[in-house]
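Notes for the one structure printed next.
Treat the numbers as computed from the prediction; the structure is a model and nothing was measured.
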Amino acid sequence: MRPVHEKLKQIVKDRGLTAHGFAIRYGFNVSTISDILEGRSNPKNDTLKKIAECLEISMAELLCEPEEIEMVKCKSVLFCV
């Protein structure tokens, strides 16, 4: 499994955004997002949740690789397996 910062950096890039652009668009501190994307800081769960919401992805999609995500019938929650 890739580190979260690498996956997040790729997702942001795929959306055509830079760290600065993402931070400004979604109201984050620029240095905070830059530090997260470069792996210099580990975001808290609530920050990851806010980032996932901004990107319109689930936490499982943010934290796991596609082949690690399995839909579980229990309340349609995605889990890494």
How long is the gap from [atom1] on [X] to [atom2] on [Y], to the nearest 0.5 Å?
X   : Y   : atom1 : atom2 : result
D46 : K49 : CG    : NZ    : 9.0 Å
Q10 : R15 : CD    : CZ    : 11.5 Å
I36 : E38 : CD1   : CD    : 11.5 Å
K50 : K44 : NZ    : NZ    : 10.0 Å
K9  : S34 : NZ    : OG    : 8.5 Å
K13 : L8  : NZ    : CG    : 13.5 Å

Does any pair with a residue in residues 23-60 pass ring pair (Phe, Tyr, Trp, His ring centres under 6.0 Å), and if so which ones, sequence neighbours excluded?
F22-Y26, F22-F28

Would you say V12 and T18 make side-chain contact, with heavy atoms under 4.5 Å?
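Of all side-chain heavy-atom pairs linking T18 with V12, none is under 4.5 Å.
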
pair H5-L37: side-chain heavy atoms closer than 4.5 Å
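Counting from C-beta outward, H5 and L37 never come under 4.5 Å.
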
Same cluster or not: L63 versus I57, using hydrophobic residues (I, L, V, M, F, W, Y) connected whenever any side-chain heavy atoms lie under 4.5 Å apart?
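In one cluster with L63: I57, yes.
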
Distance-minimising heavy-atom pair for I33 and A23
CG1-CB, 3.9 Å

Could you list the residues that satisfy side chain to side chain contact (heavy atoms under 4.5 Å, CB included) with N42, not counting sequence neighbours?
none

For atom CZ of R2, decide whether the heavy atoms of other residues, nucleotides or ligands shown that lie under 6.0 angstrom number more than 12.
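Enclosed.
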
